[in-house]
Every structure is written in C-alpha cells, then in structure tokens.
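Quick caveat, the model's predicted, so the values are computed rather than measured. These values consider heavy atoms only, across backbone and side chains, with no hydrogens, waters or symmetry-generated copies.
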Amino acid sequence: MKAVIFDMDGTLFDTEFIFQRIWNEIAGEMGLVLPDSFKYEICGTNGAVMNGVIEKYYHVSDGQVIQNECRRRVDKIFARYVPEKPGCREILHFFREHGYKIAMGSSSRIARIEGNLHQTGLRDAFDAIAGGDEVEHGKPEPDVFLLAASRLGVDSRDCYVFEDSPNGVRAGVKAGMRTIMVPDLMPVTDDLIPIAYGIFKNLSEAQEFLEKEIYIEGNIYRIIYFRKL
C-alpha cells in the first residue's frame with residue numbers, strides 16, 4: 001500500500017451535522033419536515049444525484065436552487081470555523097510518518113476543500129486533492145477517488161480510503177481500494193459489512209488497527225526481500 005485518500009465531511013472534519021442542520025433549516029422555511037431517510041440519501045452525493053434527492057424531498061422541479069442556498073449558508077459558517085474529528089491530525093501524521101502519499105477525495109467542490117484545509121492549517125498535509133465538481137459522476141461512483149489516485153501517481157489498488165457514508169464506501173470499493181469506514185451520522189447497513197475492509201468507531205481505532213497491519217506487512221516484505229538476496 002502506497003497511499004491513503006480521505007473523504008472530508010464527516011470523516012476528517014466534523015461538518016456533516018452542519019449540512020444536515022442547514023438542509024432542515026431550509027426545509028422548515030418552506031414548511032417541510034425532512035424524514036430521516038433524507039440524510040441517508042443525501043450524504044456523500046453531489047451534482048445531479050444530489051439535485052435528484054433534493055427534488056424528491058423538497059418537492060421542487062430544480063434542486064440546484066436549494067443546493068446553492070445550502071452551499072452559501074454552509075460556506076459562511078466554514079469561513080469562521082471548521083471542526084475536526086477526534087484523531088484527525090494524529091492519523092494524518094501517522095501516514096506521513098510511514099511514507100504514504102495523502103490525498104483528499106470529497107464530494108464537495110474543490111473551492112470548499114481548499115477553504116477548509118486552509119482554515120484548519122492542514123493544506124500542507126495533503127499531496128493532492130480532488131473534488132466532486134471535477135468529475136462527471138459523484139459517489140457512489142468511484143470517479144473522485146480514481147482522480148485523487150491519479151494525481152498521487154499511484155494505482156488505485158495501492159490505496160486505502162477512509163469514508164463515513166455508505167455511498168462513499170461503495171465508491172471506494174468500486175475504485176478497487178481498501179475502504180475503511182468510520183461511521184458518522186449514517187448507520188452501518190448490512191450490505192457494507194462484507195465489502196468494507198474495516199469498520200471502526202473512530203479514527204483512533206482505525207489507526208490502531210493499521211499500525212499492526214502496516215507493521216506485519218512491512219516485516220513480511222522484508223523477509224521476502226532478504227530471502228531473495
């Protein structure tokens with residue numbers, strides 16, 4: 001394994017609940033109450049897929065208008081503060097320390113990714129970033145992860161992916177990557193258990209698992225290498 005790709009909202013940054021608050025705020029202003037199923041369908045999406053979900057639940061013909069309004073309100077919040085998930089900086093340091101290339105692969109547009117990384121002072125921790133507005137198909141399709149891997153110059157099969165949403169996990173698996181789920185607002189559904197490489201309660205638990213895996217794989221490699229010599 002040579003690289004790791006992180007989703008942003010709900011994975012490294014504790015921002016997904018802010019999106020949900022804004023979605024519900026806009027719905028309330030329209031006299032609507034969003035059911036729980038809305039967040040399950042909207043999380044991890046962007047573009048046309050997101051618009052389709054918006055149109056279904058807000059009963060509008062053009063979801064882009066509401067998507068733009070949500071984006072405007074969220075951007076205003078993130079310009080002041082971007083909350084991080086516990087273990088965010090530690091796991092980035094862990095991968096850097098072990099020589100991994102690091103990328104961000106998010107459904108958010110590239111401008112928001114850059115803004116959040118600069119706001120938190122973490123831009124230099126990433127060798128590459130890829131946003132949802134740079135690819136034709138959003139998650140659960142693998143496009144954004146494949147773009148991130150290509151920008152790192154690595155094969156997708158040599159990448160770990162960290163995700164919090166079912167759509168993101170499905171995208172990582174389709175990309176052929178070792179996909180690790182750290183759930184945020186979304187429950188772990190039965191179909192994710194056999195396809196995810198690992199499911200952990202938080203980033204620290206995932207890091208603890210990978211510390212052992214990387215140590216074991218590294219030693220196996222060294223044994224094979226010296227046997228060849």
Side-chain angles (χ1 to χ4, degrees), residues 1 3-20 22-23 34-58 63-64 66-67 70-71 74 85 102-110 112-113 116 128-152 154-200 203 206:
M1 306 301 288
V4 57
I5 302 171
F6 288 95
D7 170 56
M8 183 171 69
D9 298 301
T11 300
L12 281 185
F13 297 149
D14 195 10
T15 48
E16 195 60 62
F17 78 96
I18 296 174
F19 281 96
Q20 294 304 319
I22 299 301
W23 289 126
L34 297 175
D36 283 344
S37 56
F38 170 79
K39 68 181 178 182
Y40 302 149
E41 291 189 42
I42 201 79
C43 278
T45 65
N46 67 319
V49 175
M50 178 178 282
N51 284 340
V53 176
I54 292 169
E55 289 156 14
K56 172 182 174 181
Y57 285 93
Y58 287 80
Q64 190 64 50
I66 292 174
Q67 184 181 160
C70 179
R71 178 188 299 169
V74 166
K85 282 284 191 176
I102 303 174
M104 181 81 81
S106 171
S107 295
S108 290
R109 67 195 191 283
I110 200 77
R112 177 178 291 135
I113 299 170
N116 286 0
I129 59 174
D133 57 343
E134 297 186 294
V135 295
E136 183 177 356
H137 304 291
K139 302 171 187 176
E141 297 308 311
D143 300 28
V144 74
F145 290 144
L146 294 174
L147 176 60
S150 71
R151 287 179 174 170
L152 290 176
V154 299
D155 191 290
S156 62
R157 293 167 296 183
D158 294 329
C159 297
Y160 289 108
V161 165
F162 278 75
E163 263 289 352
D164 70 292
S165 73
N167 281 331
V169 171
R170 294 178 188 117
V173 172
K174 284 183 180 179
M177 301 174 178
R178 290 187 184 180
T179 305
I180 293 170
M181 185 179 192
V182 181
D184 182 35
L185 301 181
M186 310 281 285
V188 179
T189 53
D190 291 342
D191 66 304
L192 300 176
I193 296 171
I195 65 173
Y197 190 70
I199 301 174
F200 302 95
L203 292 172

Student: Is the shortest side-chain heavy-atom distance between M8 and R112 below 4.5 Å?
Tutor: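 Contact flag for M8/R112 side chains = yes.
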Student: Rounded at 0.5 Å granularity, tell me how far CZ in F145 sits from CD1 in I5.
Tutor: 7.0 Å
Student: Heavy atoms only: give me the nearest S156-A175 pair and the separation to one decimal.
Tutor: OG-O, 2.9 Å
Student: Between D133 and I110 (side chain of the first, backbone of the second, donor and acceptor by atom type, cut-off under 3.5 Å), is there such a pair?
Tutor: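 A pair under 3.5 Å: yes.
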Student: Under the 3.5 angstrom rule, does the side chain of T11 hit a backbone N or O of D164 as a donor-acceptor pair?
Tutor: yes
Student: Can you give me the closest heavy-atom contact between P183 and V188, atom names plus distance?
Tutor: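 Heavy atoms only, the tightest pair is CG-CG2, 3.5 Å.
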Student: Is there side-chain contact between Y197 and V161, with at least one heavy-atom pair below 4.5 Å?
Tutor: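 The answer is no, as the side chains (C-beta and beyond) never meet within the 4.5 Å cut-off.
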Student: Looking only at heavy atoms, what is the nearest atom pair of G132 and N46, with distance?
Tutor: O-ND2, 2.9 Å
Student: Please check if any side-chain donor atom of S108 sits under 3.5 Å from a side-chain acceptor atom of D9, or the reverse.
Tutor: yes
Student: What is the distance from atom CD of E55 to atom CD of Q67, rounded to the nearest 0.5 Å?
Tutor: 10.0 Å
Student: At what distance, to the nearest 0.5 angstrom, does CG of L147 lie from CD of E136?
Tutor: 13.0 Å
Student: We want to know whether T189 and D191 form a side-chain donor-acceptor pair, criterion being a heavy-atom distance below 3.5 angstrom.
Tutor: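 There is such a pair (donor and acceptor under 3.5 Å, judged by atom type) between the side chains of T189 and D191.
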Student: Locate the shortest heavy-atom distance separating A128 from R151; write the atom from each residue and the value.
Tutor: CB-CB, 3.8 Å
Student: So, do V4 and I102 sit near enough that their side-chain heavy atoms are less than 4.5 Å apart?
Tutor: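 A side-chain contact under 4.5 Å exists here.
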Student: Just by distance, do the side chain of N167 and the backbone of C43 share a donor-acceptor pair under 3.5 Å?
Tutor: yes
Student: Give a yes or no on whether a salt bridge exists between D7 and K139, defined as a side-chain N under 4.0 angstrom from a carboxylate O.
Tutor: yes
Student: Not counting sequence neighbours, list each pair that qualifies as a salt bridge (charged side-chain N to carboxylate O under 4.0 Å, His left out) and has a residue in residues 35-53.
Tutor: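 Sorted pair list: E41-K56.
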Student: Which atom names give the shortest non-hydrogen contact between I180 and A206, and what distance separates them?
Tutor: CG2-CB, 4.3 Å
Student: Measuring only between side-chain heavy atoms, which start at C-beta, is F13 closer than 4.5 Å to F6?
Tutor: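 No, too far: nothing below the 4.5 Å cut-off.
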Student: Rounded at 0.5 Å granularity, tell me how far CG in L146 sits from SG in C159.
Tutor: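 Answer rounded to 0.5 Å: 9.0 Å.
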Student: How about F162 and L203: do any of their side-chain heavy atoms sit closer than 4.5 Å?
Tutor: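 SC-SC contact between F162 and L203 confirmed.
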Student: Nearest 0.5 Å, what's the CZ-CD1 distance between R71 and I66?
Tutor: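 Between atom CZ of R71 and atom CD1 of I66 there are 13.5 Å.
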Student: Measure across A3 and V154 and return the closest heavy-atom pair with its distance rounded to 0.1 Å.
Tutor: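 Looking at all heavy atoms of both residues, the closest pair is CB-CG2, 3.9 Å.
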Student: Measure the CD1-CG distance between I113 and N116 for me, rounded to the nearest 0.5 Å.
Tutor: 8.5 Å
Student: Within a strict 4.5 Å, meaning less than it, do heavy atoms of the K85 and D184 side chains meet?
Tutor: yes
Student: So M177 and E163, do their side chains get closer than 4.5 Å, heavy atoms only?
Tutor: no
Student: Quick check: do Y40 and L185 have side-chain heavy atoms less than 4.5 Å from each other?
Tutor: no
